[in-house]
Amino acid sequence: MLKWYGCEIKGKIFDTLLAHSLIDPEGKGNMDWLSAKYLNYEPIHIEELIGKKGKNQGNMRDVELEKIKEYAVEDADVTLQFKEIFIPKMQKCEVEKVFLEVENPLVPVLTDMEYEGVRIDVDFLNEYSKVLEIEARVQEEKVYESAGIRFNLGSPKQLGEVLFERLKLDPKARKTKTGQYATDENVLRKLAVVHPVADNILAYREYTKLRSTYVDALPLLINKKTGRVHTTYGQAAVVTGRLNSNNPNLQNIPIKTERGREIRKAFIPRDDKHVLVSADYSQIELRIVAALSGDAVMCEAFRQSKDVHTATAAKVYGVEEEAVTKEMRRKAKSVNFGIIYGQGAFGLAENLGISRTEAKTIIDNYKKEFEGITRYMDDMINYAREHGYVQTVMGRKRWLRDINSSNFTVRGYAERNAINSPIQGTAADMIKLAMVKVHHALKEKAFKSKMILQVHDELVFDALQEEVEDLQPLILDCMQSAMVLPNGVPVIAEVGTGINWLEAH
DNA sequence: ATAAGCACGC
DNA sequence: GACGTACGTGCTTATA
């Protein structure tokens, strides 16, 4: 008989070993057959587990599954056997560092977080569901009234026909690749100038999305035994090295809109002796760009704790920082964001609602003022061309076989990946190291508070109230010291506390 | 079952 | 002149 976490750990190690980024440049490993949910929070025999592996096929995996059977029943610690197989493979790919120092130590951290889960306020969600249903219905009726016809508003196909054939709102309506009219948010927002029905549709979309994906779905995923929601984190799903989360995905809980944000009130501490504590990195990806590129201006802005978007705007527009307007800052912020993703003038123009010429001027100025960043972007592309991959600070690799493609589109995509992956991946390395550190510190100092969620640059804790005062600086210290960035770029994290996730954030 | 279209997060 | 912002999960509808 194995302990549940024994199985879980082996499953996740396995997952990691098979990962795209570590071993196999061709494919992805994705084995969640040992997820905590299948284990039902009880010890379980290995034979039973393997019976539940379900639809995971693939020759290599089946061979290794046999090995689990072979060793696991006798000895819960099968790591050694796996090591013999996988360590040489990792050494060949030169990725053992990120495995041994980041992914493997993270395994028990994630299993603890999954096991812990999070409490959900079901009554609150049920009430909110009714509100959203009524509001959605109101909007829906308004749409039918405007259109003079009843149809299925949930169908983009039917909606497109009503908007562009019946109401003829836009003679040049864009179509999707399948020849259907596009009716996404961008299209509808432009249409709102022509006809008020667009706003009703947008509102309807928002309310029904919130209801179906979150408000009604979350209570159904509460575990009967624990009364809590237990997500599953994947270490081998995201090519850049980020975690993923599913069943439910707790990394895409709404925050942007007023009504969406409400849902965060349903994430609550385990009882009235606890509160939620949330800590997040400030501007982490931009700090990493600055540090890795060594860009003098951007590094200095961070060292002096300046508002980086304001500093950027001052440089791009050639004015003093005091003279930067809100509008200038907004545009600069958008450029900073776009730089990380290798965005061009078209994308920036689209995003900001400005002309392509203006966008081009902004980008040209940016490249001139931030030479280090411009050089860094070129360096990453050249490195990828030469080696076929790019890597993060911890040596995580992303293979980019299309980097030398003669096809403009395909190559351009690979080039953006060459720029973005080391940044996004290094941020992932950093928070993973921080999680291991926090986890260890909580154990060592016998805290009763638990780390329960990770959302890429944020960690959430179910914290005993009397521990909060000590817990907060501990979390911040672990996060800020997990990885020291070069060029003196400081890493800053911020922390908050509240009776729900919205208040804590 | 699978694809398309859409929308939520960082 | 192409193409047009990185990485995900999951809902509903429509078609096979």
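All chains are named by letter (A, B, ...) in the order of the sequence lines, taking the proteins before the strands, and each is independently numbered beginning at 1.
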Using a cut-off of 4.0 Å on non-hydrogen atoms, how would the nucleic acid contact of A:Asn420 be classed: base, sugar-phosphate, or nothing? sugar-phosphate
At 4.0 Å (heavy atoms only), tell me whether A:Ala349 reaches a base, stays on the sugar-phosphate, or touches nothing. nothing
Looking for any heavy atom pair under 4.0 Å, which part of the strands does A:Arg242 touch: base, sugar-phosphate only, or nothing? base
Please state whether the rings of A:Phe164 and A:Tyr181 are parallel, tilted or perpendicular, taking 30° and 60° as the class boundaries. tilted
Identify whether any heavy atom of A:Ile419 sits under 4.0 Å from a base atom; if not, whether one sits that close to sugar-phosphate; answer base, sugar-phosphate or nothing. nothing
Kindly give the atom pairs (protein nitrogen or oxygen, nucleotide nitrogen or oxygen) under 3.5 Å for nucleotides 14-16 of chain C.
{"residue": "C:dA14", "atom": "OP1", "partner": "A:Ser155", "partner atom": "OG", "Å": "2.4"}
{"residue": "C:dA14", "atom": "OP1", "partner": "A:Gln158", "partner atom": "NE2", "Å": "3.0"}

Which part of the nucleic acid, if any, lies within reach of A:Arg356 when heavy atoms closer than 4.0 Å are counted: base, sugar-phosphate only, or nothing? base
Do A:Ser129 and A:Asp216 meet the criterion of a side-chain donor-acceptor pair at a distance under 3.5 Å? yes
Can you pull the salt bridge (charged side-chain N to carboxylate O under 4.0 Å, His left out) pairs that have at least one residue in residues 359-372 of chain A, sequence neighbours excluded? A:Lys360-A:Asp364
Sugar-phosphate, base or nothing in reach of A:Gly338, heavy atoms under 4.0 Å: nothing
Which part of the nucleic acid, if any, lies within contact of A:Ser421, taking any heavy atom under 4.0 Å across all strands shown: a base, the sugar-phosphate backbone alone, or nothing? nothing
Looking at C:dT5, C:dG8, B:dG9, which one has an atom nearest to any side-chain atom of A:Asn249? C:dG8
Do we see a donor-acceptor contact under 3.5 Å between the side chains of A:Gln180 and A:Glu161? no
Does C:dT13 have a Watson-Crick or wobble partner in any strand here, with both distances under 3.5 angstrom, and which is it? B:dA3
A:Arg264 CZ to B:dG9 C1': how many Å, rounded? 8 Å
Reckon A:Thr183 touches a base, only the sugar-phosphate, or nothing at all at heavy-atom distances under 4.0 Å? sugar-phosphate
Would you indicate, yes or no, if C:dT5 has its OP1 or OP2 atom less than 4.0 angstrom from a side-chain nitrogen or oxygen of A:Arg416? no
Is there a donor in the side chain of A:Thr183 and an acceptor in the side chain of A:Arg205, or the other way round, less than 3.5 Å apart? yes
Of C:dT5, C:dT9, C:dA2, the nucleotide closest to the side chain of A:Phe408 is C:dA2
Can you figure out which of B:dG5, B:dC6, C:dG8 approaches the side chain of A:Lys177 most closely? B:dG5
Give the nucleotide from the list C:dG4, C:dG10, B:dC10 with an atom nearest to the side chain of A:Lys209. C:dG10
Between B:dG9, C:dT5, B:dG5, which one does the side chain of A:Tyr341 approach most closely? C:dT5
Are side-chain N/O atoms of A:Asn336 and A:Tyr366 paired as donor and acceptor at under 3.5 Å? yes
Sugar-phosphate, base or nothing in reach of A:Ile340, heavy atoms under 4.0 Å: nothing
Please state how far atom CD in A:Glu285 lies from atom P in B:dG9, giving the value in whole angstrom units. 16 Å
Parallel, tilted or perpendicular for A:Phe337 and A:Tyr341, by the 30°/60° rule? perpendicular
Working for side-chain contact (heavy atoms from CB on, under 4.5 Å), residues A:Ser282 and A:Arg287: CA-CA 9 Å; A:Ser282 151; A:Arg287 287 176 196 269; 3.4 Å; yes
Identify whether any heavy atom of A:Gln180 sits under 4.0 Å from a base atom; if not, whether one sits that close to sugar-phosphate; answer base, sugar-phosphate or nothing. sugar-phosphate
Confirm from the modelled atom types if A:Glu185 and B:dA7 form a donor-acceptor pair under 3.5 Å, side chain to base only. no
